[in-house]
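Everything below concerns the one structure shown next.
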Amino acid sequence: MPEKPYEHIQIEEKWSAQWAENDLYKARCDGSLPPYYVLEMFPYPSGRLHMGHVRNYSIGDALARFMWMRGYDVLHPIGWDAFGMPAENAAIKKNMHPGDWTLSNVAGMKQQLLRLGFSYDWSREITTCLPDYYRWNQWFFLKMLERGLAYRKDAKVNWCPDCATVLANEQVEDGRCWRCSTVVEQRQLQQWFLKITAYADELLEETYQSLEKGWPERVLTMQRNWIGRSEGAEVDFTHEGTGEKIRVFTTRIDTIYGATCVILAPEHPLVGRLVSSEVAAQVKAMVDELGSKGRTGDAEKAGLFTGHYAINPFSGGKAPIWIGNFVLMGYGTGAIMAVPAHDERDFEFCKQYGIPIRPVIRPVDGELATAATMKHAFTEYGVCENTGQWSGMKTEEARKAMAAHAAKEGFGTASITFRIKDWGISRQRYWGTPIPVIHCKKCGVVPVPYAQLPVELPYKVEFTGKGRSPLANVREFVNVACPACQGPAQRETDTMDTFIDSSWYFYRFCDPKNTEAPFDPAKVAPWFPIDQYIGGVTHAILHLIYSRFWTKVMRDMGLISNSEPVRNLFTQGMVQLGGKAMSKSRGNVVDPDEMVQKYGADTCRLFTLFAAPPEKDMEWNESSVQGQHRFLSRVYRFVSRNTDKARQGGGEATAEDRKALRKLHQTLEKVTADFDSRWHFNTSIAAMMELLNTLEEMEAGLSGNAVAQILEKLCLMLHPFAPFLSQEIWSVELGREGQLIRQGWPAHDPELAKDEGAEIPIQVNGKLRSRIVVPFGISRDQLEQLAQADEKVRAHLDGKQVVKVIIVPDKLVNIVVKG
RNA sequence: GGGGGAGUGGUGGAAUGGCAGACACAGCAGACUCAAAAUCUGCCGGCCUCACCGGCCGUGAGGGUUCAAGUCCCUCCUCCCCCA
């Protein structure tokens, strides 16, 4: 039969239509097969898929298909992380309702995913902006409120005075409003928080336990740093005038004799009482600048002297009280003692403002530095000096002893502090889950009764881009009877952070239609923890800590029994063009649709897997994409040329058979090993290319039997990477029944895979001089003799004395000579 | 400043102490073609020699361990990410 041209559009459109219609990728959930949950981070429906999605989902899809073929019941769901700010921006800019905008994006992107042939169980699709999903956010919120895990307190928001609106952090650019460039202020608002700090210890501990094996080390490191546990002490300094206590947190109580001032965070409660009104304005400016700049990084250190002094409880000395922009209210006690001699930041600050430096720790084998000559802080451990009764004590001991002393005397305590703060979830926006509480003048904050959930977002809302929250202007929404006293009351108009939606969505996938509960625990249990979660490293901290927290809360509520949501995490690299991440603003995006049309989905998927190992960033390169198309086209033409021969079968076994089958089984071994280890699919695909090169070379001499075997196994192992083409070959060319994901993954035959003999490189003094082919397993002596007898080797041994011969059987010979 | 990762041909990459550059892209030469595309064949790290055989150098720089180092150890440089 003559070969056929590879018509990717016709092939792919045919199969994607079939796959969309039936239940092929539905998880069975009947316990007949071992369960395997593979999940890619669900997308935000921004409008169109981008190449990052294609890469992420190609990795997940390859794994899912492989696991099906391995005989697992695979749960491979998808949904939409559908709340978020871009929808509101679109509403303001294009005068489109955020809901309509979002749902039309969802519809479009779903078509793209179907066209790409990803193996999702669409019966479990969830969309977080729909009430049947977000009502359970509200339900969880109320449960957390009952458990004391949700609470209200004052917190800062970014406020643009010109637009008269609250800005999200990403709407603040260089401390200015993204739309009108007005300098952003900080305002205090009552906001809701979730007590993630209650789980700080466990969140940290598990990074050393159950997550150690299955998560990338760098993600664990980032999380540990983010949680930021530090052991230290709290100590009370005393305000000189009033005798009021000022509690400071320090990790180095052993340096307290070197404290030359006390520095308060600008938001510290004492500040208002200590400073005059004119200094207060400067403090406010500091807070505003901090709020906007502090997030982007290096704000210059700035300080203000309050004119007040505090007494050091250890030394009895007097220390000036300052206000400093680098002291954080949210960390420790919001006040520090500055020890310039032994802390780099304090050193810088004190130098800047002429505050004295007093060294009190000397190196173990050195002298105490003098203030005048110090160029840097001495931050290492050492020995205490000029520190009263602790003089001469080692730092490590002094820390414990002094903390104990402070506790005994009642002016301090040993203390553990975390960097992680409680999760502020209030957003002054429309497009999010309404927080289900009602504010009543008489009864205070009243939770919405469970029976009244969901609190639905009203559809008719005006988007002016002004004011505290668009919901605040919707009277029908805001005005409501108090559930407790039936009197007039107002609904909360803030909505929840969208990270809430993604904190538990993977549980909902197990029971997506449940109207009685977020999910049935019995349906969730078999699938958790998730066997494999795949996504970008950009979510290494927020999403992946919040969802770990949520899991622990649900466990403590008795809904689940696992303590962690994800057993194995894989973080794939970015897709770049011109060395930069693709982004609209850079104008370097490549549209997947265009590529699918031009080269086909299989080609695109194959390219994203071939261009680099999946954990590394990869560069988009269209001519290399063409190379993948060329490969698939060669596969198809090879198959179609040989289909008849394969169907006939028979024929005498030939020398070419032997070689081709050997390569076939070596390739099977390689591809399987890649799945079982590092997922370096780039080398799996390279191996299949090598196989095709060999097959084309041997083509004329292959028997019908060999061809039949080869085509079948090649088709099976190609399937996780190029599902359309392989299915086409299976069904049409080979005329076989059924879908490939229902076929078993082909095992390699070690006997057939074995090389004829070992090719042994022979080195002289570590330099390659010759190669010989020998039978496997020959003795060391024989090998040495053969090596020494080799003509090319002899030329290099001539006139020299053999000192030593290194023999690695079946591997290598190295002859060491002298002279 | 601290923590993490990386640095290999023109390019993406391969090689987990044992033959550096698999596989592919680009390039060059040829076949087919009126021509082009597609396809196929050959060459493709540098230098020396060059008809052939061959030799020397080469994985950011320098040192070390080893019979053997891209790979392990030390020092340094550059880039990226995270945290300050």
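By convention in this document, chain letters (A, B, ...) are assigned in the order of the sequence lines, proteins followed by strands, and residues within each chain are numbered from 1. Below, each value reflects all heavy atoms present in this structure, side chains not excepted, and no hydrogens, waters or symmetry copies.
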Exercise. Ignoring the backbone of Lys767(A), work out which of C57(B), C25(B), A14(B) is nearest its side chain.
Key: C57(B)

Quiz item: Ignoring hydrogens and angles, does a donor from either the side chain of Asn225(A) or the base of C83(B) sit under 3.5 Å from an acceptor on the other?
Solution: no

Quiz item: On a plain distance test, is the side chain of Arg678(A) in donor-acceptor contact with the base of U16(B) below 3.5 Å?
Solution: yes

Practice problem: Return the residues of residues 686-694 of chain A meeting this criterion: a heavy atom under 4.0 Å from some atom of RNA chain B. Order them by number, or give none. | Solution: Ala686(A), Met689(A), Glu690(A), Asn693(A)

Exercise. Pick base, sugar-phosphate or nothing for Phe610(A), based on heavy-atom distances below 4.0 Å to the nucleic acid.
Key: base

Exercise. May I ask you to say what Arg224(A) touches in the nucleic acid, namely base, sugar-phosphate or nothing, with a heavy-atom cut-off under 4.0 Å?
Key: nothing

Self-check item: Euclidean distance, atom CD of residue Glu622(A) to atom C1' of A26(B) [Å, nearest integer]
Solution: 14 Å

Practice problem: Using only side-chain N and O atoms of Lys804(A), determine if any of them is under 4.0 Å from OP1 or OP2 of C67(B). | Solution: yes

Quiz item: Under 4.0 Å between a side-chain N or O of Arg630(A) and OP1 or OP2 of U39(B)?
Solution: yes

Self-check item: Nearest-nucleotide 5' precedence on RNA chain B, Lys616(A) against Ile541(A)
Solution: Lys616(A)

Practice problem: Report the residue (Leu768(A) or Arg218(A)) whose heavy-atom-nearest nucleotide on RNA chain B is the more 5′ of the two. | Solution: Arg218(A)

Quiz item: Ion pair present between Asp254(A) and Arg252(A), side-chain N to carboxylate O less than 4.0 angstrom?
Solution: yes

